[in-house]
Structures are given as structure tokens and as C-alpha cells.
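I have placed the structure first, in the form of C-alpha cells, so that the comments after it can refer back to it.
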Amino acid sequence: MMDEELLETVKECLDILDENIEILANLEFDLESENEDELTPNMELHQLYDMTEDVFEYTKLKRAESNFLRRQAEYSL
């Protein structure tokens, strides 16, 4: 009985997470679309460095998200 309740609770949490990931992904897409329309001429070196760090962090987050979704799919089977 306790295992069934735990499984149901975990399933509900995963459903909530799925909903929130979709909302966040949509927000992220909207923000990226806005940023792509802006050009910044004559950037300083430190600004380019900051952008490089941002891209690196973004890549790490995407990789972590992908790994999480893969593990979630494996456990769902």
C-alpha cells in the first residue's frame, strides 16, 4: 500500500515537472527570439567573454536537462 502511494506521489511530481519544463521552455524560446533580433556593435572584450560563459552555462543546462529526461524515460518504462 505504501509503495503504491509513493509511486503515485512520484508520478504526480513528474507530471508537475513536465508541465513546468514545457512552460519554461516556451519562455526561454520567446526570450531567445527577442535577443536574436538585437545586434550589439563594437562589443568590448569582457562582454564577449561574458557571452562565452553564458553559452557554456546554457550548454551545460541543456545537457543536464537532456540527461534528466532520458533517465526519466528509462524509469517510466
Side-chain angles (χ1 to χ4, degrees):
M1 187 68 163
M2 185 66 125
D3 288 338
E4 291 176 18
E5 290 176 11
L6 179 61
L7 288 175
E8 186 62 32
T9 301
V10 169
K11 184 178 179 339
E12 289 175 13
C13 290
L14 289 174
D15 290 342
I16 291 170
L17 184 62
D18 283 340
E19 292 172 13
N20 289 324
I21 285 176
E22 184 176 342
I23 291 168
L24 290 173
N26 290 337
L27 286 172
E28 178 185 30
F29 178 76
D30 292 343
L31 289 172
E32 286 177 358
S33 296
E34 288 177 15
N35 289 338
E36 288 176 358
D37 295 339
E38 297 176 15
L39 294 176
T40 308
N42 301 325
M43 293 181 71
E44 297 292 326
L45 183 58
H46 70 277
Q47 292 170 318
L48 291 172
Y49 181 78
D50 290 343
M51 280 180 40
T52 304
E53 284 186 332
D54 291 343
V55 169
F56 176 72
E57 292 298 321
Y58 174 80
T59 304
K60 283 175 48 177
L61 288 171
K62 283 298 183 186
R63 188 176 323 127
E65 178 186 10
S66 175
N67 289 338
F68 171 75
L69 292 174
R70 181 183 45 79
R71 284 192 304 272
Q72 182 182 4
E74 289 174 358
Y75 291 132
S76 296
L77 299 177

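One-based numbering along the sequence shown.
At a threshold of 4.0 Å, the pair Lys11-Glu8 does not count as salt-bridged, since none of the basic side-chain nitrogens sits closer than that to a carboxylate oxygen.
In this structure, OH in Tyr58 is found 12.0 Å from CG in Asp54, a value given to the nearest 0.5 Å. Taking CD from Gln72 and CD from Glu65, the interatomic distance works out to 10.5 Å, rounded to the nearest 0.5 Å.
Between the side chain of Ser66 and the main chain of Lys62, no donor-acceptor pair closer than 3.5 Å is present.
With sequence neighbours excluded, the residues forming a salt bridge (Lys or Arg N to Asp or Glu O under 4.0 Å) with Arg70 are Glu74, listed by chain and number.
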